Amino acid sequence: MPELPEVETVRDGLARHVLGRTVAGVDVHRDYSVRRHTGGPLDLAGRLAGRRFEAAVRRGKFLWVVLDAPGTDHPDAALLAHLGMSGQLLVRSAAELEQGAAHPHLRVRVRLSDGGALDFVDQRTFGHLSVTDLVPTADGAPGGLGSDLPLLPEPAVHIARDLLDPALDREDLVRRLRARRTGLKRALLDQTLVSGIGNIYADEGLWRARLHYARPTDTLRRPEVERALDGAAEVMRAALAQGGTSFDALYVNVNGQSGYFDRSLAVYGQVGRPCPRCGALVRRDEFMNRSSFTCPVCQPRPRNARF
DNA sequence: CACACGTCCTGGTAGC
DNA sequence: TGCTACCAGGACGTGT
C-alpha cells in the first residue's frame with residue numbers, strides 16, 4: 001500500500017522524469033478517478049492542456065505537480081494525486097505507447113507534447129487525480145518536500161506535516177497527541193495530526209517502539225510518544241532507502257519497479273511467525289475494520305486499552 | 001463471502 | 001447556549 005515512503009519514491013521519480021515537460025491533452029478513462037475534481041473530466045483536461053510541470057511535491061500521502069502559470073512566475077495551480085490503496089503513476093515513452101496494449105486498470109492518461117505520457121493506473125480506485133488551486137501555507141514554510149514554495153493544494157490544507165518534513169513542529173505534535181483521548185494507533189493514523197503513516201508503518205513503528213496500539217494517548221508518557229514517533233520515522237526512512245514496500249504488485253514506482261521492503265517487515269502480515277526480537281508468535285487483531293499485528297510479548301495489551 | 005484499507009462524511013461528545 | 005475541536009464508525013470501490 002502506498003504510504004509515505006512509497007509516495008516519496010513516486011515523487012522522486014516524477015521530479016526526475018516529468019519536470020519541464022508539457023501537457024498535450026488528457027484522456028479520462030474512468031470518471032470516478034477524477035471525482036474530486038469539481039469541474040468534471042472535461043474541466044480537468046482543460047486546466048491541464050498546455051501547462052508545464054514545474055515541481056513535484058509531497059506532504060504525507062498527498063502528491064502534487066506544480067503547473068506553470070504563463071506570463072508570471074507565481075504558480076497558482078497543481079495536478080494533485082492521491083494513490084489510495086493501489087494507485088500508480090507510470091511514465092510512458094512514446095515508443096511504449098505505440099506498441100504496448102493499455103494497462104487494464106489505466107484510469108487517466110496525461111498525454112505529453114513530446115509523445116510520452118503520465119499514466120494513472122489504479123486497480124482498487126481509492127486513488128484520485130484533480131487540478132486544484134494552490135493556497136498559502138499557514139506557517140509560511142514550504143508546503144511539502146520537493147519545492148520551497150509556501151503553497152498547498154486547497155484539498156490538502158487540513159493534512160498535517162509528516163515526520164520527514166523539516167518544518168514539522170515536533171513539540172507541538174507531541175503535545176497535541178497527548179491531549180487526545182483515543183488509542184495510540186488511531187492517533188498515528190490521523191492525517192490531521194501527523195501525516196504519511198498508514199496501517200503498515202503504524203504497526204511496524206509501534207513494534208519498534210514496543211508499544212501496544214491500544215495504549216490510551218492521554219496516559220502516554222512523553223518518552224513513549226517520542227519512541228512511537230521515532231519508530232514510525234525510522235521504519236519509513238528504512239523503507240524509503242529500499243524504494244518502498246510492495247506486497248502483491250499493487251504498488252510499483254514511477255518506472256514500474258516494485259519496492260522490496262516487505263522482506264524486512266517484523267510484524268505486519270506476519271501472523272503466526274516468530275517476532276524477530278523475542279520469538280513469540282505474532283498475533284493479528286481486528287481494529288477499525290482492518291488489521292493490527294503485534295508481538296504479544298514486546299507489546300503487551302494494556303489493561304486500560306482504548307481503540 | 002470475507003478481506004485488503006485511506007479518506008470522506010455524518011452524527012455525536014467534551015469542554016470552554 | 002453556542003462554538004470548536006475532537007472522536008467513532010460506515011461507505012466507497014475492485015479483485016482475490
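Residue numbers start from 1 in every chain, and the chains themselves are labelled A, B, ... in the order their sequence lines are given, proteins ahead of strands. Note that the structure is a prediction, hence the values are computed from the model and not measured.
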Where the side chain of A:Gln191 is concerned, which of B:dT7, C:dG9, C:dT14 is the nearest nucleotide? B:dT7
Nearest heavy atom decides the nucleotide; on that basis, is A:His158 or A:Phe126 closer to the 5' end of DNA chain B? A:Phe126
From C:dC6, C:dT14, B:dG6, pick the nucleotide closest to the side chain of A:Asn199? B:dG6
Any side-chain N or O of A:Arg186 less than 4.0 Å from the OP1 or OP2 oxygen of C:dG9? yes
Could you check how far NE2 of A:His128 sits from P of C:dG13, rounded to whole Å? 13 Å
Minimum-distance nucleotide to A:Arg290 side chain [options: C:dT14, C:dC6, B:dG6]: B:dG6
State which of B:dC8, C:dG9, B:dG6 makes the closest approach to the side chain of A:Glu3. B:dG6
Looking only at side-chain N and O atoms, does A:Tyr32 come under 4.0 Å of OP1 or OP2 in C:dC12? no
In terms of the nearest nucleotide of DNA chain B, which residue is placed more toward the 5' end: A:Arg181 or A:Phe62? A:Phe62
Quick test of your reading of the model: are A:Arg59 and A:Asp162 salt-bridged, counting only N-O distances below 4.0 Å? no
Compare the minimum distances between each of B:dA4, C:dT14, B:dT7 and the side chain of A:Met85, then state the nucleotide with the smallest one. B:dA4
Under 4.0 Å between any heavy atoms, over every strand shown, what does A:Arg284 touch: base, sugar-phosphate, or nothing? Just pick one. sugar-phosphate
Just the rounded figure in Å: distance from P of C:dT14 to CZ of A:Phe120. 13 Å
Rounded to whole angstroms, how far apart are CG on A:Leu80 and C1' on B:dT7? 13 Å
Reckon A:His82 touches a base, only the sugar-phosphate, or nothing at all at heavy-atom distances under 4.0 Å? sugar-phosphate
Before accepting this row, confirm whether a basic side-chain N of the pair A:Arg170/A:Asp172 lies closer than 4.0 Å to the acidic partner's carboxylate O. no
OP1 or OP2 of C:dT14 versus the side-chain N and O atoms of A:Ser86: is any pair under 4.0 Å? no
Look at all strands and tell whether A:Thr192 reaches a base, only sugar-phosphate, or nothing, counting heavy atoms closer than 4.0 Å. nothing
State plainly whether the residues A:Arg301 and A:Asp285 are in salt-bridge range, i.e. N to O under 4.0 Å. yes
Whole angstrom value for the distance that separates P of C:dC12 from CZ of A:Arg107: 18 Å
Could you work out which one of B:dG6, C:dT14, B:dA4 sits closest to the side chain of A:Lys61? B:dG6
Charged N to carboxylate O below 4.0 Å: is that the case for A:Arg107 and A:Asp119? no
Tested for side chain to side chain donor-acceptor pair (under 3.5 Å) against A:Ser292, the lone hit among A:Gln299, A:Lys185, A:Arg283 is A:Lys185
Electrostatic pair A:Arg221-A:Glu224, nearest N-O below 4.0 angstrom: no
For A:Leu177 and C:dA5, what is the distance between atoms CG and P respectively, to the nearest whole Å? 18 Å
Quick check on C:dC6: is either OP1 or OP2 less than 4.0 Å from any side-chain nitrogen or oxygen of A:Thr182? no
Proximal nucleotide (of C:dT14, C:dC7, C:dA8) relative to the A:Arg180 side chain: C:dC7
Could you give the CZ-to-P distance, from A:Phe287 to C:dG9, as a whole number of Å? 10 Å
Calculate the interatomic distance between A:Phe307 atom CZ and C:dG10 atom C1'; express it in whole Å. 19 Å
Return the value, rounded to whole Å, for the distance between atom CG of A:Asp122 and atom P of B:dG6. 13 Å
The residue, A:His105 or A:Asn289, whose nearest nucleotide of DNA chain C is more 5′ is A:Asn289
